[in-house]
Student: 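Following this message is one structure expressed as structure tokens.
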Amino acid sequence: MTDALRPGTLPDARSFGLKEEEFDRIVARLGRTPNLTELGIFAVLWSEHCSYKSSRIHLKKLPTKGKRVLQGPGENAGVVDIGQGLCVVFKMESHNHPSFIEPFQGAATGVGGILRDVFTMGARPIACLDSLRFGAPDAPRMQYLVDGVVAGIGFYGNCFGVPTVGGETTFFEAYNENILVNAFTLGLARHEDLFFGRASGAGNPVYYVGSKTGKDGIHGATMASEEFSDATEEKRPTVQVGDPFTEKLLLEALLELMKTDAIEGIQDMGAAGLTSSSFEMAGRAGTGMRLDLDQVPLRETGMTPYEIMLSESQERMLLVARHGHDATIARIFHKWGLDASLIGEVTGDGRMVCTWKGKTVVDLPIAPLAQDAPLYDRPRRRPSYLRKVTVEADAKADSADLGGDLLDLLEHPNFASKRWVWRQYDHQVRTNTVIGPGLDAALLRVKGTRMGVAMTSDVNPLYCYLDPREGTRFAVAEAARNLACVGAQGIGVTDCLNFGNPEKPEVMWQFKEAVEGMASALKAFKIPVVSGNVSLYNDTEGRSIWPTPTVAMVGLVKDMRRVPERELPEGARVLLAGDGEVRLAGSQYLYHKGTLVGRLPKLDLKMERKLQKFLLKGYAKRALRFAHDVSEGGLAAALAEVALFAGMGFDGSVPGGDPVLQCFGEGGGRALVVGEEEALAALARALDLPLRPLGVLGGEAFRLSTGGAPLETTLDALQRRFEGGFKKAMRA
Amino acid sequence: MKAAVVVFPGSNCDHDIHHVLNEVAGVPAEYVWHGESSLAGYDAAVLPGGFSYGDYLRCGAIARFSPIMPEVERLAREGRPVLGICNGFQVLTECHLLPGALLRNRKLKFLCQDVHLRVEPSASLYAAKYRKGEVLRIPIAHMDGNYFCDPDTLRELEEGKRVVFRYVRPDGTREDGDGTANPNGALASIAGIMNKEGNVLGMMPHPERVSEAALGGTDGRRLFQALKKFLEGRA
Amino acid sequence: MQLKVQVFLKAAVLDPQGKAVLGSLHSMGFTEVGDVRVGKVFSIQVPDGDPETVKLRVEQMAAKLLCNPVIEEFAILP
């Protein structure tokens with residue numbers, strides 16, 4: 001097909017998602033008109049998904065440095081030192097659009113992609129999290145989407161052999177037409193075993209390894225950079241199919257090959273496939289590359305160079321080898337039944353030259369594409385809805401039946417047990433899972449050491465809708481608090497910033513607010529961002545999703561003998577540690593009563609830091625046996641969760657004041673703790689942290705006295721509504 | 001004394017078994033690649049869980065034709081311990097070292113959860129450190145664990161006391177078909193069976209996941225300790 | 001030439017996938033559906049040859065690998 005070589009036109013550029021000024025810029029840079037294949041390459045590399053052209057200017061504000069950081073943003077994944085010569089490699093990435101079109105394969109390939117990002121760096125994946133946002137359970141297709149996404153995540157992770165140990169699954173109408181699937185993977189490596197995506201050393205051979213290339217997923221990256229519309233339906237063929245078995249073989253083959261001296265650099269062929277991997281690897285190393293596209297293993301006949309360069313077929317990697325190791329590479333890949341094809345070599349001229357059937361089909365300078373992509377400071381405007389929803393006086397609510405309200409809240413799928421979800425995920429394989437799904441954070445042991453690694457993903461979309469800046473700060477604080485609740489100190493963050501169309505000034509305003517909020521909170525906690533992903537254009541028919549900056553935080557436990565206990569004794573006293581401004585505004589309670597207005601409580605970073613120090617020291621001194629954070633659902637929901645964990649009722653009281661506010665108000669840096677009271681009290685005094693007893697676990701009744709009528713129900717009712725809520729909502 | 005952990009392409013509990021045998025039970029164990037053709041020098045073989053060949057045709061169907069399998073069959077014939085867990089159990093049924101087959105779970109979903117197992121009155125060497133009737137808490141993690149065999153085979157299994165573990169309620173009683181205790185829908189609540197001689201055991205639950213207190217349970221450990229004792233007795 | 005081998009669970013074996021599809025069809029209003037069984041079809045490419053010999057070979061493949069006789073039965077499609 002010679003079409004691939006004809007000069008590209010402005011209409012071609014537009015159909016690839018490029019703007020007129022971007023097309024003009026390409027022609028000016030090259031000093032000629034690119035051919036169609038070259039234009040396609042520009043289009044994907046300059047897409048929002050690959051170039052971060054709208055977000056880069058703001059992302060620079062995030063803290064990315066720290067004494068533990070071995071690799072910050074810009075590589076396949078971030079790397080953080082955990083001591084004893086070991087490091088954790090992690091990243092979170094979105095697969096929102098593909099999952100909405102084809103939930104099973106969309107979610108599965110999302111997991112596959114993030115796994116590859118981690119193991120290309122030389123780390124064996126040891127855990128996954130998934131942060132899922134669905135629409136209202138009764139929205140069209142929603143049951144199908146939930147079923148497919150959960151099954152797809154399980155299908156890929158279970159077969160690959162990585163435990164899925166946690167995450168979030170919540171439901172808000174704002175995601176009815178644009179669900180979010182954010183997949184996180186963490187891997188473990190020794191420092192000296194790390195590999196990077198750099199094509200160094202002119203003359204080094206370039207290998208293509210893994211599955212063959214088909215026509216699937218062409219222009220997936222540009223699809224992730226466009227709004228949804230009915231026309232998107234026609235893009236169905238661009239969804240890729242995942243093959244976790246091949247990926248598992250690829251993992252084992254690579255880890256075996258990495259023990260030899262054969263590899264110079266390696267990168268996953270993710271979004272924009274061969275194009276992004278080759279350009280990025282050469283770009284980082286300041287080299288060039290010559291590729292012979294006739295050597296690329298193809299699954300289909302009649303593929304054009306354009307299709308070969310842009311295919312997003314899964315389970316493929318680009319590997320730059322060192323000279324003289326060809327036999328080793330061939331032997332190891334043959335053992336694992338995989339292809340390794342020599343497709344080119346590294347050059348020193350800074351150009352990407354691709355040949356096909358004896359002709360040069362691509363000849364581009366790498367720097368303008370990889371490094372000088374457009375950078376936009378897009379216009380911003382505070383959304384008008386905020387004027388309506390931001391009310392300074394806190395909302396008020398009366399309740400005729402606090403116990404009934406608590407049961408209704410716990411039954412909602414946002415609160416109810418997600419057992420239906422996580423029992424479809426193998427959360428134990430590799431036998432490291434000490435705390436699996438269902439608690440504040442997941443915790444894994446690191447075999448051969450006393451250390452443990454904890455992880456959590458958090459964001460409250462309701463909060464971020466009402467106040468993107470403060471909402472994001474709460475997400476960071478809650479993530480760090482969740483880690484502290486299992487005895488782990490946060491050491492690094494990966495984020496997934498899910499927003500609407502950045503060409504809308506209101507969305508861009510939300511984005512900037514959220515990034516600045518995240519930056520300020522992370523700086524206060526001294527926790528760096530080491531990797532992440534931005535997903536824009538989460539719009540359908542002109543409606544944007546709520547701002548959803550998912551924060552995945554990783555924490556370190558230095559001594560796994562100092563972690564929460566699995567059982568709480570009858571009669572154990574539950575105390576409330578910490579304090580802060582508590583409001584009904586933005587609370588789940590109000591949302592479920594149909595009200596979505598108010599000013600959020602202010603995050604008290606000082607209180608938050610004291611609380612987390614208290615939790616960490618409490619575990620270290622063996623004064624603390626168990627902790628659970630107080631967040632969505634307020635004190636009543638948190639106490640109910642402790643009672644459910646313990647399998648016992650509770651008798652106690654919430655601090656005086658308005659009963660609804662005290663039971664269901666949210667905000668503040670607060671956690672429920674159980675432990676040695678005298679030691680905890682001494683610790684709280686030393687830190688000047690409020691600590692007060694709330695009541696005692698035991699019996700069958702769940703009772704909270706308030707400033708008004710008490711909240712009364714039973715453990716049995718809590719269990720039934722909590723365990724049954726998800727299945728009821730999903731009619732599963 | 002030395003055990004082989006057979007690694008098929010797609011095995012993913014191989015490290016877990018290797019860890020438990022070496023570090024917890026004290027049975028020296030080594031990985032053996034499925035493409036090898038000898039198990040000379042090995043006194044036992046464990047076929048680990050996972051998705052051999054992606055489970056793409058039927059679970060265990062392709063692994064059964066691996067070069068190493070004739071050697072696994074030899075060990076079984078010689079009366080040496082052969083243990084298949086999860087995918088390993090599926091491989092053992094496909095190669096007819098054990099009767100029956102594992103069908104898709106009744107509710108068609110992958111299930112990773114704790115189950116309760118009753119130790120049945122078999123003469124299995126693997127159950128030597130359990131009391132008959134004892135109830136164990138061990139997790140399952142599979143999509144295809146719904147044991148099936150024809151009525152004659154079931155009679156043979158029952159009469160020969162070859163059902164080693166059965167899914168039960170926490171109090172040790174069998175469920176009445178409501179799926180609460182036997183979540184995959186296995187025939188006669190069968191979770192694990194042995195061959196006539198008792199040296200080959202296949203089971204869907206994962207004892208290697210509950211062999212250390214740090215992981216929240218130790219009910220699986222005695223199975224591997226029993227294996228060690230048996231191997232010591234033969235040495 | 002290309003042969004197709006069809007594999008189904010034996011009639012005596014419960015087919016939960018078939019049951020699930022049947023349930024869905026009924027709930028969608030296709031109430032006339034009596035039963036559904038879910039099976040597999042293998043499309044096998046072999047060199048042209050004597051049809052009887054080719055068929056015999058494919059039968060061996062089915063008996064040995066494609067089908068598990070404990071739970072499944074196969075047919076070579078015309």
Side-chain angles (χ1 to χ4, degrees), chain B residues 52-66 69-70 87 89-111 142-154 156-157 177 179 182-190 193 195 202, chain C residues 1-31 33-47 54-77:
Chain B
S52 57
Y53 293 93
D55 280 356
Y56 284 158
L57 177 59
R58 287 180 312 277
C59 305
I62 301 180
R64 161 205 178 178
F65 294 101
S66 284
M69 284 310 289
N87 194 230
F89 184 14
Q90 293 160 345
V91 176
L92 291 177
T93 60
E94 281 284 342
C95 69
H96 307 302
L97 282 174
L98 292 173
L102 282 313
L103 298 173
R104 183 72 24 120
N105 293 343
R106 172 166 47 188
K107 291 279 183 70
L108 301 175
K109 300 227 181 283
F110 187 96
L111 295 175
H142 59 245
M143 180 75 108
D144 303 79
N146 179 354
Y147 184 79
F148 174 84
C149 64
D150 61 50
D152 290 343
T153 308
L154 180 61
E156 260 182 60
L157 286 174
N182 175 19
N184 54 34
L187 183 70
S189 294
I190 288 174
I193 54 169
N195 64 348
Chain C
M1 60 193 293
Q2 194 186 56
L3 277 91
K4 288 201 164 130
V5 181
Q6 169 190 286
V7 175
F8 276 100
L9 286 170
K10 287 178 180 171
V13 178
L14 174 73
D15 173 12
Q17 295 185 76
K19 224 172 93 184
V21 174
L22 178 68
S24 287
L25 287 174
H26 281 174
S27 71
M28 291 161 80
F30 298 103
T31 45
V33 181
D35 192 20
V36 177
R37 306 281 291 173
V38 174
K40 298 178 235 187
V41 175
F42 299 84
S43 160
I44 296 181
Q45 197 75 43
V46 286
V54 169
K55 194 173 169 209
L56 194 67
R57 294 280 292 168
V58 172
E59 267 174 10
Q60 288 169 345
M61 295 175 204
K64 234 181 141 176
L65 179 66
L66 307 183
C67 167
N68 177 354
V70 176
I71 44 171
E72 295 170 325
E73 55 199 7
F74 71 89
I76 297 181
L77 297 182

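In what follows, chains carry the letters A, B, and so on, assigned in the order in which the sequence lines appear, proteins first and then strands, with residues in each chain numbered from 1. Because the structure is predicted, anything quoted here is derived from the model rather than measured.
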Student: Would you name the heavy atoms of B:Y53 and B:S66 that are closest together and state the gap between them?
Tutor: OH-OG, 3.8 Å

Student: Starting at CD of B:Q90, measure out to OG of B:S52 and round the result to the nearest 0.5 Å.
Tutor: 7.5 Å

Student: Restricting to non-hydrogen atoms, name the atom on B:N184 and the atom on B:G145 that form the minimum distance, rounded to 0.1 Å.
Tutor: ND2-O, 3.0 Å

Student: With side chains defined as the heavy atoms from C-beta onward, is the minimum distance between B:C149 and B:T93 less than 4.5 Å?
Tutor: no

Student: Side chain, backbone, both or neither: which part of B:L103 has a non-hydrogen atom closer than 4.5 Å to chain C?
Tutor: side chain

Student: Indicate the atoms forming the closest heavy-atom contact of C:V36 with C:V33, along with that distance.
Tutor: CG2-CG1, 3.7 Å

Student: Select one option (side chain, backbone, both, neither) describing which atoms of B:N146 are under 4.5 Å from chain C's heavy atoms.
Tutor: neither

Student: Within residues 39-47 of chain C, which positions have a heavy-atom distance to chain B below 4.5 Å?
Tutor: C:K40, C:F42

Student: Heavy atoms, side chains only, cut-off 4.5 Å: are C:D15 and C:V38 in contact?
Tutor: yes

Student: Roughly how far apart are B:H142 NE2 and B:N87 CG, rounded to 0.5 Å?
Tutor: 12.0 Å

Student: Using only non-hydrogen atoms and a strict under-4.5 angstrom cutoff, which residues of residues 61-71 of chain C touch chain B?
Tutor: C:K64, C:L65, C:L66, C:C67, C:N68, C:V70, C:I71

Student: Taking all non-hydrogen atoms of both residues, which atom of B:L108 and which atom of C:Q17 are closest, and how far apart?
Tutor: CD2-CG, 3.5 Å

Student: Taking only residues two or more places apart in sequence or in another chain, which ones pass side-chain hydrogen bond (donor to acceptor under 3.5 Å, both in side chains) with B:Y147?
Tutor: none

Student: So which pairs with a foot in residues 95-104 of chain B pass side chain to side chain donor-acceptor pair (under 3.5 Å), sequence neighbours left out?
Tutor: B:R104-B:D144

